[in-house]
Amino acid sequence: MENTDTDKRPLDFIRQIITDDLNSGKHKQSITRFPPEPNGFLHIGHAKSICLNFGVAGEFNGICHLRFDDTNPSKEDVTYVESIQKDVKWLGFDWGEQIFFASDYFDKLYDFAVQLIESGHAFVCQLTPEQMREYRGTLTEPGKESPYRNRSVQENLALFQRMKNGDFPEGSHVLRAKIDMGSPNLNMRDPVIYRILKAHHHRTGDKWQIYPMYDYTHCLSDMLEGITHSLCTLEFQDHRPLYDWVLDTLKTPCHPKQIEFARLNLTYTVMSKRKLLQMVEGNYVDGWDDPRMLTISGLRRRGYTPASIRNFCKTIGIGKSDSRISMGVLENEIRNDLNVKAERRMCVLDPVKVIIDNFPDDRIEEVTGKNHPQDPDRGERSLPFTKELFIERDDFMEDPPKKYHRLGPGREVRLRYGYLIQYASHVKDEQTGEILEIHCTYDPESKGGTAPDGRKVKGTIHWVSAVKGVPVTVNMYDRLFKVEDPEEDKDIDFLEQLNPQSRIVLTQAIAEPALVLLQPGESVQFERQGYFCLDPVQPKKDNKFVFNRTVTLRDSWEKTS
RNA sequence: UGGGGCGUCGCCAAGCGGUAAGGCACCGGGUUUUGAUCCCGGCAUUCGUAGGUUCGAAUCCUGCCGCCCCAGCCA
């Protein structure tokens with residue numbers, strides 16, 4: 001990892017706990033784990049957890065396991081386990097040999113369940129789901145004990161065995177922990193730990209008819225792997241007593257410590273896998289890797305770098321208060337990274353023709369541009385300059401305000417790395433008012449952009465040769481939702497808050513020739529516009545190169561649309 | 001009207017009884033052949049609120065207010 005952080009940021013509360021446990025000798029090494037359920041693609045929220053768990057391992061000379069929490073075959077799939085591994089690797093983390101599956105523990109988990117039954121701590125219940133809900137009680141009233149709660153150990157053992165054998169239909173029997181129906185914590189009211197599920201599991205096939213529940217599986221998986229610190233999100237705080245109960249009751253040799261932290265929320269997007277799935281399946285976006293999605297694969301396709309995502313996770317920190325981080329923070333990280341890494345190129349997104357009246361008709365002159373203005377080592381490239389050019393439609397105004405630094409009647413501007421040009425005239429469609437072409441004259445003495453007399457011009461604009469430029473398609477991506485929190489108003493479906501302008505496809509854009517040399521996924525800065533990458537998935541479409549806008553450049557010039 | 005959490009600048013976030021770090025955003029100024037980058041400078045007498053303890057509190061105690069999570073045979 002190319003991350004040289006010498007910063008002395010204070011430790012977050014989790015790293016403090018780990019530091020203390022290491023110093024006190026409670027543990028000689030920290031072992032964490034990232035435990036995704038393979039039922040969807042990873043998103044930036046998972047990146048926070050990945051950076052935390054793998055980050056801790058890296059900083060404390062510990063180990064971080066990758067463990068798939070695959071206990072619900074009805075929702076899980078191998079395609080997800082594959083994409084998850086790809087994304088974790090891409091983010092720059094390595095689990096080495098430490099890749100595990102909760103499903104690998106099914107036999108042991110079954111044996112533990114038998115132990116629980118034998119010690120009188122679990123029973124087979126035949127209440128229907130509806131009855132179970134009634135017996136559970138409410139937030140303010142205690143629950144009632146199941147009539148099946150006091151079956152004999154023998155009977156429970158036999159029934160559980162038959163559940164395993166597939167003798168009963170789904171929903172007819174469950175194995176429940178015998179805890180306390182009067183507990184104010186609903187999770188402790190005799191929670192279900194095994195249910196019958198006649199589904200094909202992506203790893204164990206049809207071996208099992210019963211599958212363990214999360215609360216029962218997670219703590220035991222952590223214990224089996226010798227996890228020291230089990231880091232999860234805030235909504236699991238109420239589950240911690242159950243996590244501890246299972247391990248205490250089974251008198252396991254080790255007892256990992258569960259610590260919860262706040263999950264990530266960002267403005268102008270949604271984070272839940274359920275909602276992301278809904279957008280994918282409803283075709284509101286073009287799949288899990290749509291560049292507007294905050295999935296890892298979407299960010300990758302958008303042009304975000306692993307380092308920018310890691311830095312983002314580092315700057316937001318770890319805490320316990322619900323928060324919603326401004327999208328600007330993420331954008332700031334990718335700008336910081338790409339400002340250093342991306343070479344500069346010119347591309348005219350919305351072209352209007354400029355004709356240099358005093359430039360020879362067929363002449364093609366080469367001018368040179370720096371690949372990176374702050375880094376001479378990045379070298380230079382050649383740019384063809386011709387009589388007919390394209391500039392940005394935005395860069396010309398018939399009646400510009402005084403602070404406008406671009407082209408207009410009577411004005412002279414610099415064509416970046418080219419020549420100084422002076423406005424001569426322009427022609428427009430009298431019907432529509434559309435500017436058709438702009439005539440200028442150039443100063444032959446100003447090649448490269450500076451005049452011998454040292455005169456200053458107010459602005460520098462980018463351009464592309466009309467004859468040598470190459471047509472490209474550019475996807476202008478913007479925030480996916482129109483509002484900061486699409487889930488704030490419970491009466492409005494979040495899908496109604498989608499930003500209809502989140503993707504604008506520009507088909508008339510024209511780029512400097514050097515742009516065709518890029519590799520798919522490679523990032524560049526289109527000067528004065530932003531950072532773009534050649535689409536890694538579909539670099540060419542209709543025989544034209546396709547670019548994705550990662551993020552705009554910061555713009556202190558208020559655009560008067 | 002049960003339980004579990006959380007409340008420090010517009011957004012995050014340090015702070016762990018000794019007198020409010022940092023980042024983003026924002027506002028000034030400088031450099032600049034990207035209105036970018038970069039560089040300087042500004043930006044909470046105040047820590048949800050009301051009391052109490054203390055020489056001294058954002059940090060300890062009490063009450064109140066606000067927000068989030070929990071009644072899946074999901075994770």
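First the proteins, then the strands, lettered A, B, ... as listed; each starts at 1. Excluded from the calculations below are hydrogen atoms, water molecules and symmetry mates; all remaining heavy atoms, backbone and side chain alike, are included.
- Atom pair A:Q131:CD and B:A71:C1' shows a separation of 16 Å (rounding to whole Å applied).
- Neither OP1 nor OP2 of B:A75 sits under 4.0 Å from any side-chain N or O of A:R274.
- Put simply, CG on A:N332 is 9 Å from P on B:C38, counting in whole angstrom units.
- In this structure, A:T128 reaches the bases: a heavy-atom distance under 4.0 Å links it to at least one base atom across the strands shown.
- Contact of A:R554 with B:G35 (side chain to base): no donor-acceptor pair of N or O atoms is detected under 3.5 Å.
- Side chains of A:D180 and A:R189 form no contact here, defined as non-hydrogen atoms less than 4.5 Å apart.
- If you look at A:F68 and A:F101, their ring centroids are closer than 6.0 Å.
- Among the heavy atoms of the strands, none lies under 4.0 Å from A:E260.
- Side-chain atoms of A:N187 and A:R240 form no donor-acceptor pair, as typed in the model, at a separation below 3.5 Å.
- Ring pair A:Y110/A:F160: centre-to-centre distance below 6.0 Å.
- The residue A:Y211 sits apart from the nucleic acid: no heavy atom pair falls under 4.0 Å.
- Separation of the P atoms belonging to B:A44 and B:A20 is 12 Å when rounded to the nearest angstrom.
- Only the P atoms considered, B:A71 is 50 Å distant from B:C39, to the nearest whole Å.
- Atom name C1', nucleotides B:A14 and B:G23: the rounded distance is 11 Å, in whole Å.
- An OP1 or OP2 oxygen of B:G72 is reached within less than 4.0 angstrom by a side-chain nitrogen or oxygen of A:R136.
- A:E512 places its CD atom 16 Å from the P atom of B:U34, with the value rounded to the nearest Å.
- Distances were taken from every side-chain heavy atom of A:D555 (C-beta onward) to each of B:U37, B:A75, B:G35; the shortest belongs to B:G35.
- Side-chain atoms of A:S556 lie closest to B:G35 of the nucleotides B:A75, B:U34, B:G35.
- Residue A:T450 is in base contact, counting any heavy-atom pair closer than 4.0 Å across all strands shown.
- A sub-4.0 Å separation between OP1 or OP2 of B:G72 and a side-chain N or O of A:R133 is present.
- Distances shown here put a side-chain N or O of A:R528 below 4.0 Å from the OP1 or OP2 atom of B:G35.
- Contact annotation for A:V174: base contact, defined as any heavy-atom pair under 4.0 Å involving a base atom.
- Only the C1' atoms considered, B:A57 is 6 Å distant from B:G17, to the nearest whole Å.
- One can place CG of A:L127 at 18 Å from P of B:A71, the figure rounded to the nearest angstrom.
- In this entry the distance linking CD of A:E527 with C1' of B:G35 reads 13 Å, nearest Å.
- Regarding contacts with the backbone of B:C74, a side-chain N or O of A:R195 is found under 4.0 angstrom from either OP1 or OP2.
- Ring-to-base geometry does not place A:H218 in a stacked arrangement with B:A75 (centre distance under 5.5 Å, plane angle under 30° required).
- Contact annotation: A:T217 side-chain N/O to B:A75 OP1/OP2 distance is not under 4.0 Å.
- Nucleotides B:G18 and B:C11 are separated by 30 Å at their C1' atoms, to the nearest Å.
- Heavy-atom distances to RNA chain B give each of A:R414 and A:T138 a nearest nucleotide, and the one nearer the 5′ end belongs to A:R414.
- Base pairing annotation: B:C26 forms a Watson-Crick or G-U wobble pair with B:G42, both donor-acceptor distances under 3.5 Å.
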From CA spacing to verdict: side chain to side chain contact (heavy atoms under 4.5 Å, CB included), A:R176, A:L116: CA-CA 10 Å; A:R176 294 225 254 167; A:L116 243 23; over 6 Å; no
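- Across B:C27 and B:G66, the matching P atoms stand 35 Å from one another, rounded to whole Å.
- Between A:P36 and A:G418, it is A:G418 whose nearest contact on RNA chain B lies nearer the 5' terminus.
- Under the 90° criterion around 0 for the glycosidic angle, B:G72 counts as syn.
- Residue-level contact check: A:P373 touches the bases, meaning some heavy atom is under 4.0 Å from a base atom.
- Between the base of B:U34 and the side chain of A:Q525 there is a donor-acceptor pair shorter than 3.5 Å.
- Nucleic acid contact for A:Y194: none, since no nucleic acid atom lies under 4.0 Å from a heavy atom of the residue.
- With a cut-off of 3.5 Å on both pairing distances, the Watson-Crick or G-U wobble partner of B:G63 is B:U49.
- At the heavy-atom level, A:K370 lies nowhere under 4.0 Å from the strands shown.
- Between A:H46 and A:F34, the ring-plane angle classifies as perpendicular under the 30° and 60° cut-offs.
- Annotation: B:U54 and B:U59 have their P atoms spaced 16 Å apart (nearest Å).
- A:M213 comes within contact range of the sugar-phosphate backbone alone, with a heavy-atom separation under 4.0 Å but no base atom that close.
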Does the protein touch nucleotides 2-15 of chain B at the base, only the backbone, or not at all? Give it as B, S and - per nucleotide, heavy atoms under 4.0 Å. BBSSS----SSSSS
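- Checked options A:F106, A:Y216, A:Y105; the residue passing with A:Y211 is A:F106 (criterion: ring-ring contact (aromatic ring centres under 6.0 Å, His included)).
- Side chains of A:N311 and A:T315: no donor on one and acceptor on the other come within 3.5 Å.
- Stacking annotation: A:Y214 is not stacked on the base of B:A75 (requires ring centroids less than 5.5 angstrom apart and an interplanar angle below 30 degrees).
- Rounded to a whole angstrom, the distance from the C1' atom of B:G42 to that of B:A25 is 14 Å.
- In this structure, A:R411 is not positioned above the aromatic face of A:Y423 in the sense of NZ or CZ being under 6.0 Å from the six-membered ring centre and within 45° of the axis.
- Annotation: cation-pi geometry not satisfied between A:K273 and A:F41 (NZ/CZ under 6.0 angstrom from ring centroid, within 45° of ring axis).
- Under the 30°/60° scheme for interplanar angles, the aromatic rings of A:H218 and A:Y214 are found to be tilted.
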